[in-house]
J.: 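A single structure is presented below for examination.
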Amino acid sequence: MISDTPIHCGGLMFIGDPHLDDAKPGRRRDEDFTSTILGKLEFLFDYCTEHDLVPVILGDIFEPENKVRVSNSLLNRFVRATDRSKHKIITNVGNHDKKHDILTDDDTLMTLKNTRVLHVLDEAGPAAEFIINGKRIGLGASPYGQAIPTDITGMFPEATSVVWITHHDLAFESPYPGSQPVHAVRGCNLVVNGHMHLYKNPVKTGQTTWFNPGNVTRQYIDAIEHVPAVYMLRTGQLERMVVPHAQSIFDLTGKLIDPVSPGEVPKNGKPASGYGDIDTDFVAMLAAEDSLEMKRSDDGSILKEEIDQKFERDQTSEDIKGLVMHLFDKTIEKAREVAP
């Protein structure tokens, strides 16, 4: 537990995955992507301070942790942003927050935990209790890769209601490969999920309502219609607040791609894993990435669109797909290491 005694506050603010990064993803047109996302977080932390809210991040604070190390510049800028919050920020652990199955000393988020910059919930279980408008609210968490409980009866014996935060692939609508169905959690009133980038309509099973607000960062054009918003719990119901954002942030030159975000089903109805054979075209694509595409897309996403489209056309085998994408990731990692 974060504290042995309940935290008195005006409410909780649930913030979908920020995905802070030094590199500009996909087709975004920001002149400074990092400043865009930090600006959103600073706005939200200021709002929380003004209204006595505790910020609760649903995971994936940083984008590049499982690719390359978070830069000191990005880390320090984020730490300064957290100073704007009256209450210490709470965060779940997402898949991008760690290099291994569990959080280790090799991860930036562990540094933030050890230096007490954030309350980092890296183990499944009860996290804190809050007194909000005279009511006692319990908060628990299941980090990415850890089980979501089916019964939490007795974990918060004095709480009038309990909220659980997760970072999982959940079947809010139709099931997809790797997703798990939502289920009733005895003793839990609300589950708020991160990881899945787009808003999902709430689903109720038993006494438990499951909700996925979507990210505050629109990384790729599959999120072009997504409205970044946060949700606040202070009166017994979730209140929506749209996060200030640019309406037209994507470069739509060329063909729009199918969704690539977690939990999204491609518009053509085919599984996201349907890919094809390797040939010299891939070598040419990677050469183009090294010389041209990094100027258009800092993370190589535009090139990845072309590779994915070729996979789809040629119905590439999974083994070959794995080899190609391993080479692709290494190429991008090397380019980012030497980038000015």
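These numbers come from a predicted model, not from an experiment.
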J.: Salt bridge check, Arg84 against Asp46: does any charged N sit closer than 4.0 Å to a carboxylate O?
T.: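 Answer for the salt bridge query: yes.
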
J.: Measure the CZ-NE2 distance between Arg218 and His245 for me, rounded to the nearest 0.5 Å.
T.: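 If we round to the nearest 0.5 Å, Arg218:CZ and His245:NE2 are 4.5 Å apart.
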
J.: Identify the two heavy atoms, one from Met13 and one from Cys48, that lie closest to each other, and give their separation to 0.1 Å.
T.: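 Closest pair (atom of Met13, atom of Cys48, distance): SD-SG, 3.5 Å.
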
J.: Ring centroid separation for Phe172 and Tyr199, is it under 6.0 angstrom?
T.: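 So the answer is no for these two rings.
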
J.: Which residue is it: Asp107, Thr108, Thr91, Asp122? I am looking for the one with a side chain to side chain donor-acceptor pair (under 3.5 Å) to Lys113.
T.: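 The residue from Asp107, Thr108, Thr91, Asp122 that satisfies side chain to side chain donor-acceptor pair (under 3.5 Å) with Lys113 turns out to be Asp122.
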
J.: Looking just at side-chain N and O atoms, do Arg28 and Thr36 make a donor-acceptor pair shorter than 3.5 Å?
T.: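 Note: Arg28 and Thr36 side chains miss the donor-acceptor criterion.
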
J.: So if I apply the side chain to side chain donor-acceptor pair (under 3.5 Å) rule between His167 and each of Asn193, Asn92, Asn95, which one comes out positive?
T.: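 It is Asn95, the one option of Asn193, Asn92, Asn95 that forms the side chain to side chain donor-acceptor pair (under 3.5 Å) with His167.
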
J.: With side chain to side chain donor-acceptor pair (under 3.5 Å) as the test, would you mind laying out the steps for Thr153 and Asp151 before giving the verdict?
T.: CA-CA 6 Å; Thr153 305; Asp151 189 347; 2.6 Å; yes

J.: Do Asp52 and His87 meet the criterion of a side-chain donor-acceptor pair at a distance under 3.5 Å?
T.: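 A pair is found: one side chain offers a donor N or O, the other an acceptor, under 3.5 Å apart.
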
J.: Do we see a donor-acceptor contact under 3.5 Å between the side chains of Asn215 and Thr217?
T.: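 No, no side-chain donor-acceptor pair sits under 3.5 Å.
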
J.: Is the His19 to His96 ring centre distance short of 6.0 Å?
T.: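 Ring centres of His96 and His19 closer than 6.0 Å.
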
J.: Is it true that Tyr144 and His195 have ring centroids separated by less than 6.0 Å?
T.: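 Yes, ring centres under 6.0 Å apart.
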
J.: Examine Tyr231 together with Phe211 and report whether their ring centres are nearer than 6.0 Å.
T.: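 So the answer is yes for these two rings.
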
